[in-house]
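A short write-up of the structure that comes next.
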2 protein chains.
Amino acid sequence: MARPRTPLLSRERIVTAALQLVDAEGLAALSTRRLATELSVSGPSLYNHFATKDELLDAVVDGVMGEVDLSMFARGPAGAAVPWPEALRDWARSYRAALAAHPNIVPVLAQGPGRRPNALRLADAVFGCLVEAGWPRGQATRIGALMRYFVAGSALASFAAGFPEDAGVYDATDYPHLGEAHRLAEHRGAIDEGAFETGLEALLEGLALRYERTVRGAGTGGTAEATGSVRTTGAGTGRTAEAPGTGRTTGA
Amino acid sequence: MARPRTPLLSRERIVTAALQLVDAEGLAALSTRRLATELSVSGPSLYNHFATKDELLDAVVDGVMGEVDLSMFARGPAGAAVPWPEALRDWARSYRAALAAHPNIVPVLAQGPGRRPNALRLADAVFGCLVEAGWPRGQATRIGALMRYFVAGSALASFAAGFPEDAGVYDATDYPHLGEAHRLAEHRGAIDEGAFETGLEALLEGLALRYERTVRGAGTGGTAEATGSVRTTGAGTGRTAEAPGTGRTTGA
DNA sequence: ACCTGAACACCGTTCAAGT
DNA sequence: ACCTGAACACCGTTCAAGT
């Protein structure tokens, strides 16, 4: 054997096979040797294309991130932007769909963008949309973060499937309210999607209230010129106090 | 050597050492052999106390879940219950604090309660609180799920720390809005906490609106006798439609 | 009952050797 | 440039042997 006329492997072929393996058998099944076998090649061959297994995983993760639709953050032909709550909703659904298609990779993906271009593009688009809608930069940072918390959490694992189907688990003395929990797994798809949609609407409605109190109410008028200072109006609920030290921190 | 007069190990000692190791060096550092070395014992000794490494991990995870405060779901002396939004807020903060103290274990923990008693107790308490507040069972299930999504997502990894501190990463042409992103990691604690608090308030405010529309507005009056049917009032935003098939599914 | 060392089938990664 | 087999230091787990 040794070097063939036409290469047996390519980064793309390796990444595709790795994602298939992770989807089918979980993150633990992804070993360099197993992957090499799947590609009909010997273990060390992979090191001609990726320096380490981590670098390979990074490529797999960024491939998934690349499937997320970001078009709702682009301006229309006349320079018109989609209103931020609509854009955020559409993006969150696309983001969740991309992750939910590959749940086993989410723990890796959720570690942050790192140096992965698709993940950075995503963070840039979300932050830019919010700042241009008039959100102060500190607030825009937090909203980007909390949206990611929610989407990543919802794709990390099925809530419903986490409850064993064995009814014997749910002793009525220990868990008086879980009498029907053994039936959760059977409806997992609908329950997880319903929970995601309910949470997404609640989040967006809550953020819209905050927007009215702190952005429109503060007189910046929703233009691109955000002041960076947040007037927590006295008319608030008293629970919207800023976290210490984040009033006008960094961007993104 | 062989068997000593007084046992060298106990499940508790093993679990404590395992959590320390995961906290200090990450999930990948937790190998049975490494853990055994840490406990001054040979590798196979652990198998006298746990059948598999997975069983050991389960015990570590449930130990962390045991640190979550559930007292806000208990009734007071006169049978009075804390209002559900307050209870949910206090619980979410305690839940996040417990997970954020051990972020490296969150990917395992987020897989669902399984058969772990502390995780099941938690699910039972949250679901019971919501149902007794008048939420239909299907809705209570989804709210339990979406709260877990948010808390798990927020503890899974630091949003802020996911952005490299190397300013060279953020090319202005590729990422026009990330010019300050290299400073995120330095404020990670405050940013992550601010994002969590902002999201928690938004979520609770959004859910309170839904409660008024579907529970109080539907006339069940907040008693324990929930009907299970959700009247999505025509006065809604038009975006609160139920996910298909989850109208009156299972409990928990 | 509880610990030990030896052994088995795995890992990620390096490296010299082949074309 | 791109693949190979051999080798190194690791894994989780089993098992016979010790007390």
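Lettering follows sequence order; numbering is per chain, from 1.
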How long is the span from the CD atom in B:E38 to the CZ atom in B:R33, to the nearest 0.5 Å?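 Between atom CD of B:E38 and atom CZ of B:R33 there are 15.5 Å.
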
Identified stems (criterion: three or more consecutive Watson-Crick or G-U pairs, under 3.5 Å), DNA chain C: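 As far as DNA chain C goes, consecutive pairing (with distances under 3.5 Å) yields the stems C:4-8 with D:12-16, C:12-16 with D:4-8.
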
Kindly state which residues belonging to residues 13-30 of chain B come within less than 4.0 angstrom of DNA chain C, counting heavy atoms of the residue only, listed by number.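 Correct list: empty, so none.
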
Among the nucleotides C:dC11, C:dC2, C:dG12, which one has an atom lying closest to any side-chain atom of B:P4?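 Taking heavy atoms from C-beta onward, the closest nucleotide is C:dC2.
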
Please report the distance, rounded to the nearest Å, between CZ in A:R11 and P in D:dC2.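 About 12 Å, once rounded to whole Å.
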
Are [X] and [Y] close enough for a salt bridge, meaning some N to O gap below 4.0 Å?
{"X": "B:R137", "Y": "A:E180", "answer": "no"}
{"X": "A:E197", "Y": "A:R93", "answer": "yes"}
{"X": "B:E165", "Y": "B:R188", "answer": "no"}

Contact class for A:S31 vs. all strands (heavy atom < 4.0 Å): base, sugar-phosphate, or nothing?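 Result for A:S31 = sugar-phosphate.
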
What residues, two or more places apart in sequence or in another chain, satisfy side chain to side chain contact (heavy atoms under 4.5 Å, CB included) together with A:A152?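 Only A:A110 meet the side chain to side chain contact (heavy atoms under 4.5 Å, CB included) criterion with A:A152.
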
Report the residues that fulfil side chain to side chain contact (heavy atoms under 4.5 Å, CB included) with A:E67, sequence neighbours left out, ordered by chain and then residue number.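 Applying side chain to side chain contact (heavy atoms under 4.5 Å, CB included) to A:E67 gives A:A98, A:H102.
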
If a pair satisfies salt bridge (Lys or Arg N to Asp or Glu O under 4.0 Å) and one of its residues is in residues 107-119 of chain B, list it, with sequence neighbours excluded.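 Passing the test, one end in residues 107-119 of chain B: A:D166-B:R115, B:D58-B:R116.
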
Hey, can you pull the residues of residues 39-60 of chain B with a non-hydrogen atom under 4.0 angstrom from DNA chain D?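 Output list: B:P44, B:Y47, B:T52, B:K53.
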
Examine distances only and state if a side-chain atom of A:T16 and a backbone atom of A:E12 form a donor-acceptor pair shorter than 3.5 Å.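 Yes, because the side chain of A:T16 sits within donor-acceptor range (under 3.5 Å) of the backbone of A:E12.
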
Keeping the roles fixed (side chain from B:T198, backbone from B:A195), state whether a donor-acceptor pair exists under 3.5 Å.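 Such a contact is absent between B:T198 side chain and B:A195 backbone.
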
Find out whether the Lys NZ or Arg CZ of A:R96 is both under 6.0 angstrom from the six-membered ring centre of A:F196 and within 45° of the ring's axis.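 Checked: cation-pi criterion met.
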
Nearest nucleotide by nearest heavy atom, which residue falls closer to the 5' end of DNA chain C, B:R33 or B:T6?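 Per heavy-atom nearest nucleotide, the more 5' residue is B:T6.
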
